[in-house]
Amino acid sequence: MADRPTTVLAMGLDVARAVFPSGLRERLRRCVDLADEPLTGSLTGTEAGAVLADIQLLITGWGCPPLAADVLALAPRLQAIVHSAGSVKSLVTEAVWERGLLVSSAADANAGPVVDYTVAVITLASKRALPTAARYGEGWPAFSEREGADGRTVGIIGASRIGRGVLARLSASDSDYQLLLTDPYVTGREAASLGAELVPLDELCRRSSVVSIHAPQLPETHHLMDAAMLALVPDGATVVNTARGSLLDTDALTRECASGRLDAFLDVTDPEPLPAGHPLLTLPNVLTTPHLAGAQGSEVRRLGVYAVEEAERFARGQPLRGGLERADLTRLA
C-alpha cells in the first residue's frame with residue numbers, strides 16, 4: 001500500500017483487552033496507525049464518525065454493531081474489515097459487498113478449540129460416559145458391561161472447517177472409527193479423501209452411534225435434525241451439537257433424551273440460553289455447556305494473533321488468509 005493504513009478496533013472494551021492484550025497491540029502498531037481505544041456502542045455517533053473518517057482497516061469483534069450503509073458512509077476510505085471472531089453474518093451487510101470491501105474472519109483460529117471440544121465429547125459419547133456416570137451411585141458397572149470407542153460409527157453432518165477438522169482427527173485415531181458424512185456440496189470422492197463415506201442424512205442417522213452437527217445456520221437447515229430424523233437414530237446413540245441450536249428441534253430432542261433413548265452433548269441450544277429448569281439442563285444423560293466450545297479465556301489470543309497477521313498482510317498489499325466472498329455466507333455458520 002502507498003501509505004500506512006489507519007486501523008480502528010470496533011468492539012466491546014473488555015473483549016478488545018482479551019483478544020488484543022498489550023503485546024499484540026504493540027505488534028499492530030508496528031504495521032498500522034492504531035486507535036488508542038476501541039470504539040464501543042454506536043458506530044454512527046459524532047465521536048465515532050470523526051474516527052471512522054480516516055480509517056482504511058477496521059478490526060471488529062464480538063459485540064460490534066452491523067456495518068450498515070450509514071456506518072460505511074462515515075468511513076469513505078475504508079478498504080478492509082478483519083473480524084477477530086468467527087461468523088460475520090451479524091456484522092456484514094449488503095452495503096459492505098456493494099462497496100467492494102475486503103472481508104476476513106478469524107474463523108480458522110476459532111475452529112481449533114471447537115474441534116478439540118467436539119473430539120473430546122465424541123470420545124466420551126463413544127464410551128457412553130453420561131449414562132454410566134449417572135449410575136455411579138449404584139456401584140461400578142461390571143467390566144463386561146462397559147463400552148469403548150473402537151469401531152464406533154460416527155456421523156458428521158456438514159463438511160465445514162470444523163467438520164473437516166473433526167474428520168481429520170477421528171481418521172487419525174487408533175479407535176478405527178467408521179465415519180459417515182452428509183453434505184450437499186461434497187462429492188463421494190471428496191468424502192473418501194476426508195476418510196468418510198458420503199451418505200444421505202437419513203442413512204447417516206440410521207447407522208450412527210454418534211451424530212455430530214457441523215452445518216451452517218440457514219433457512220433450509222432450520223430443524224435439520226427434527227423429530228423424524230431423531231427417531232431414526234439408534235437407541236443408545238448420542239447427538240452432539242457445537243454448530244447452532246436451531247439445527248436441532250429442541251422439543252423433539254428433549255423427548256428422546258427424557259425417555260433415555262438418546263444422550264446428548266450440547267454446546268449450543270435453541271433458545272440460547274435455555275430457560276432455568278429446562279429438562280436439557282437437568283437430565284443425567286445430557287451435558288449442556290454455555291457456548292464455550294469456541295475460543296475462551298487464554299484461547300482468545302489466537303483470534304488476536306490471526307487478526308494482527310491479517311493486518312500485516314493488508315499493510316503489505318498481500319491477499320488476506322481468511323478472505324470471504326458474499327457467496328461464502330450461504331455455506332458458513
Side-chain angles (χ1 to χ4, degrees), residues 5-16 19-20 32 34-35 37-111 158 160-162 185 215-222 243-247 268 270-272 291 294-295 303-304 306-307 310-311 313-314 319-333:
T6 301
T7 306
V8 169
L9 301 177
M11 60 180 72
L13 188 58
D14 289 341
V15 172
V19 178
F20 294 94
V32 299
L34 178 66
E37 292 293 344
L39 294 176
T40 59
S42 171
L43 294 184
T44 56
T46 302
E47 182 179 352
V51 176
L52 292 171
D54 292 327
I55 69 163
Q56 295 162 278
L57 174 63
L58 180 65
I59 298 180
T60 59
W62 292 300
C64 181
L67 301 177
D70 57 346
V71 175
L72 298 180
L74 300 175
R77 300 184 65 207
L78 182 63
Q79 299 176 37
I81 299 157
V82 172
H83 191 50
S84 61
S87 177
V88 299
K89 284 187 175 180
S90 65
L91 177 75
V92 173
T93 66
E94 279 299 308
V96 170
W97 305 117
E98 291 169 2
R99 273 273 297 269
L101 300 178
L102 300 175
V103 177
S104 172
S105 164
D108 282 341
N110 194 51
S160 60
R161 58 171 54 86
I162 294 168
Y185 298 100
Q217 179 175 270
L218 304 169
E220 56 267 35
T221 60
H222 181 76
R244 292 290 185 267
S246 66
L247 275 65
V268 290
D270 182 26
E272 190 173 276
H291 207 141
L303 308 180
Y306 194 99
E310 289 289 71
R313 293 184 189 97
F314 176 73
L320 300 181
R321 177 183 170 191
L324 298 172
E325 302 290 341
R326 182 188 308 191
D328 294 330
L329 299 192
T330 62
R331 298 173 59 180
L332 298 177

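Positions are given from 1, in the same order as the sequence printed here.
- Of the inter-residue distances, the one linking Cys64 atom SG with His83 atom NE2 reads 8.0 Å to the nearest 0.5 angstrom.
- A 6.0 Å sphere centred on CD of Glu47 holds no more than 12 heavy atoms belonging to other residues, nucleotides or ligands.
- Considering CG of Asp54 and CG of Leu78, their distance stands at 12.0 Å, rounded to 0.5 Å.
- Using a 4.5 Å cut-off on side-chain heavy atoms (C-beta onward), Val32 and Phe314 make no contact.
- In this structure, Arg244 and Glu272 have side chains that are not in contact, with every pair of non-hydrogen atoms separated by 4.5 Å or more.
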Test side-chain contact (heavy atoms from CB on, under 4.5 Å) applied to Val103 and Trp97, step by step
CA-CA 9 Å; Val103 177; Trp97 305 117; 3.9 Å; yes
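- Atom NZ of Lys89 is separated from atom CG of Leu218 by 4.5 Å, given to the nearest 0.5 angstrom.
- Within 6.0 Å of CD in Glu325 there are 12 or fewer heavy atoms belonging to other residues, nucleotides or ligands.
- Between Ala307 and Ile59, the shortest heavy-atom distance links the atoms CB-CG2, 4.3 Å.
- To the nearest 0.5 Å, the span separating OG1 on Thr40 from CG on Leu9 amounts to 11.5 Å.
- Of all non-hydrogen atoms in Ser105 and Leu324, the two that sit nearest each other are CB-CD1, 3.9 Å.
- Taking the side chain as every heavy atom from C-beta outward, Pro38 and Phe20 never approach each other to under 4.5 Å.
- A pairwise comparison of heavy atoms in Gln217 and Ser246 identifies OE1-OG, 3.0 Å as the closest pair.
- Rounding to the nearest 0.5 Å gives a distance of 9.5 Å between CG of Leu74 and OG1 of Thr46.
- Rounded to the nearest 0.5 angstrom, Leu320 CG and Glu310 CD are separated by 4.5 Å.
- In this structure, the side chain of Arg77 does not engage the main chain of Thr6 through any donor-acceptor pair within 3.5 Å.
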Between Leu57 and Gln79, is the side-chain contact (heavy atoms from CB on, under 4.5 Å) condition met? List the steps.
CA-CA 6 Å; Leu57 174 63; Gln79 299 176 37; over 6 Å; no
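- Without hydrogens or angle criteria, Thr7 side chain to Leu34 main chain gives no donor-acceptor distance under 3.5 Å.
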Candidate pair Val88 and Val96, rule side-chain contact (heavy atoms from CB on, under 4.5 Å), full reasoning:
CA-CA 11 Å; Val88 299; Val96 170; over 6 Å; no
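- A donor-acceptor distance shorter than 3.5 angstrom exists from the side chain of Thr221 to the backbone of Pro216, with no hydrogens or angles considered.
- Here the side chain of Asn110 pairs no donor or acceptor atom with the backbone of Ala85 at under 3.5 angstrom.
- Checked against Leu101 for a side chain to side chain contact (heavy atoms under 4.5 Å, CB included), the options Leu67, Leu72, Leu58 give a single hit: Leu72.
- Residues Ala215 and Ala243 share a closest heavy-atom pair of O-CB, 3.6 Å.
- Pairing each heavy atom of Met11 with each of Ser84, the nearest pair is CE-OG, 3.5 Å.
- For the pair Ala68 and Ala95, the tightest heavy-atom approach, listed with the atom from each and the gap, is C-CB, 4.3 Å.
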